[in-house]
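First up is the structure itself, then whatever we jot down about it.
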Amino acid sequence: MHDSYIDFANSPVGSRITALLGLPAPLPLERYRADQPVIKGTVLLGAGANPQLLGTLAAAFQSMGAQTLAHRTLPQWTAVANQAGLMTGRWGVEDKPGEKVKALVFDATGMDDSAQSDALYQFFHDTARSVLTCGRVVVIGRPPESCSAPRQATVQRALEGLTRALAKELKRAITVNLVYVAPGAESQLESTLRFMLSPRCAYVSAQVVRIGVPAGPSTAPADWKLPLAGKKVLVTGASRGIGASIAEVMAREGAEVICLDIPQARAGLDEVATKLGGKALALDIGSAEAPAALVAAAKADGGWDVVIHNAGITRDKTIANMKEPLWQSVVNINLSTQERINEALVAAGALKAGGRIICVSSISGIAGNLGQTNYAFSKAGVIGMVQSTAPELARYGITINAVAPGFIETQMTAAVPFAIREAGRRMNSMGQGGLPQDVAEAIAWFASPASGGLSGNVVRVCGQSLIGA
Ligand code: NAP
């Protein structure tokens, strides 16, 4: 559903009225376009004491073709960047800020004491007003749980609060995210930087992501514009809404898509699959035969590379009014069936080594929601499944991650009463709902062959919704 308030708030008259009345002023978000570079502008770098990822960052920016500048907290960047063949220079003169930039990246990996936090203050104090609209901010640290000294773990954990507060302060559709890179996983950073610094990350903000040492294959694709070339990707619930958009983005990234939906959705399913040059698979994933049927379909395809569990249902009632079948169907389709399918595909070797499983949770599973005990149980269970099976799946070289959408503009949210819909749309740092494409872009990042260092993560696609924050 189109949010016409965004058009109004950005029209000459509307912008004056919204400013006068103090109404939200959501900006049109920049989203992926094939003809655009990864980052549409300069990246400004800063760092705390003893930054450990400068070489990795220089190589990644070189590969992305990004322009960089160095803040006064990182004078050594010029030498590192030049060595990597990057054009660079110093940002700002003495106390005067430099040019506006599209992105800020702060390497906090070497910080091991909160007494060193001044570098964070200096960098973000100097630069907060110099980030362009729809800009990107990425803070990079070490996972607190990997730190040997309590003070080091403390300052690394503190980055989370800074990131979430910055995401609320910077406004103007700027996203701010924190990436914890485990020691030994440095080479895995590029796929995450490419996502978080690009327009693909339009509705993902205030998130914390952990990159670990990959347990299976994880390599840069031959062509970053077609990272899924040659990959076979199953998308459930693909006949419409978020699922159709996921299938579209997967196909855009080069994948051969297998679009699944219930037999009753055959018409929409065939339309999506035909448009994308993929296959249609009409199957009720909640049925007892579904796991075996999927194993057979995957084997007939020579194995699948990516499985995306998007199909989900809501059957809302307060628990006192809820009949047992409503509870059972939601838990079965949204959760138990996914456990059975994953187990069957892995046991049969139908998901290849280096495979990716991506699940769709919900902020309802994080925050809970009135009338949704069944749905919130199932979606929180998806998070539990991702976190508990990640170490198990690592033995097969398979990763598992989840996205948790907030308010996304779909048929489902279009049916929500006006007042609740408006609250859902505006109560986040972007002042608007996300699009199915925003969920799909985050899934594509997890699906990338270069994202083997990502497993067990749950990333909200919610524009930093206040709900469950
Ligand atoms: P949707 O429009 O209802 O699409 C879900 C699709 O899954 C439908 O085509 C549905 O078919 C299909 N499906 C349901 N049960 C199935 C089954 N047993 N076997 C095969 N396919 C089945 O929903 P959406 O809004 O795109 O949501 C997609 C996912 O995102 C869901 O998991 C949802 O919980 C999650 N999510 C959405 C939002 C949002 O704001 N939209 C927010 C948070 C999370 P039928 O409906 O025709 O049966």
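For ligands, and for the atoms within them, numbers begin at 1 and follow the listed sequence.
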Does at least one non-hydrogen atom of [X] fall below 4.0 angstrom from an atom of ligand 1?
X	answer
Ile313	yes
Ser364	no
Ala290	no
Ile363	no
Arg240	yes

Heavy-atom count around [X] [atom1] within 6.0 Å, excluding the residue itself: above 12?
X	atom1	result
Glu160	CD	yes
Leu370	CG	no
Lys171	NZ	no

Considering only heavy atoms, which of [options] lies nearest to [atom]?
atom	options	value
atom 17 (C) of ligand 1	Thr413, Val439, Ile262, Val416	Ile262
atom 19 (N) of ligand 1	Ile285, Ile333, Leu281	Ile285
atom 5 (C) of ligand 1	Gly243, Gly241, Gly312	Gly312
atom 10 (C) of ligand 1	Leu269, Val360, Asp261	Asp261

### Message
Checking Arg210 against Glu145 for the salt bridge (charged side-chain N to carboxylate O under 4.0 Å, His left out) test, could you report, in this order, the C-alpha distance in whole Å, the side-chain angles of both residues, the deciding distance, and whether it holds?
### Response
CA-CA 11 Å; Arg210 283 172 163 74; Glu145 60 278 10; 2.7 Å; yes
### Message
With the threshold set strictly below 4.0 angstrom, can you tell me whether any protein non-hydrogen atom sits that near atom 2 (O) of ligand 1?
### Response
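Yes.
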### Task
Would you sort out whether Arg252 and Glu248 count as a salt bridge (charged side-chain N to carboxylate O under 4.0 Å, His left out), showing the intermediate values?
CA-CA 6 Å; Arg252 182 196 80 195; Glu248 199 170 316; over 6 Å; no
### Query
If you measure only the distance, is there a donor-acceptor pair under 3.5 Å linking the side chains of Ser191 and Ser451?
yes
### Message
Do Gln372 and Asp316 pair up side chain to side chain, a donor and an acceptor below 3.5 Å, judged on atom types alone?
### Response
yes
Among all protein non-hydrogen atoms, which one is nearest to [atom], and what is the separation to 0.1 Å?
atom	answer
atom 36 (N) of ligand 1	Tyr375 OH, 3.6 Å
atom 38 (C) of ligand 1	Met412 CE, 3.8 Å
atom 37 (C) of ligand 1	Ile242 CD1, 3.6 Å

#### Entry: Reported NE2-to-CG distance for the pair His309 and Asn334, which is rounded to 0.5 angstrom
12.0 Å
### Min N/O separation Ala265 to ligand 1 under 3.5 Å
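Not met; the criterion fails.
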### Query
For Lys379, is at least one N or O under 3.5 Å away from an N or O on ligand 1?
yes
### Task
Report the part of Thr410 (side chain from C-beta onward, or backbone N, CA, C, O) that has a heavy atom under 4.0 Å from ligand 1; answer both or neither where that applies.
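The answer is the side chain.
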### Task
Give a yes or no on whether a salt bridge exists between Glu409 and Arg421, defined as a side-chain N under 4.0 angstrom from a carboxylate O.
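Here Glu409 does not pair with Arg421 in a salt bridge, since their nearest N and O are not under 4.0 Å apart.
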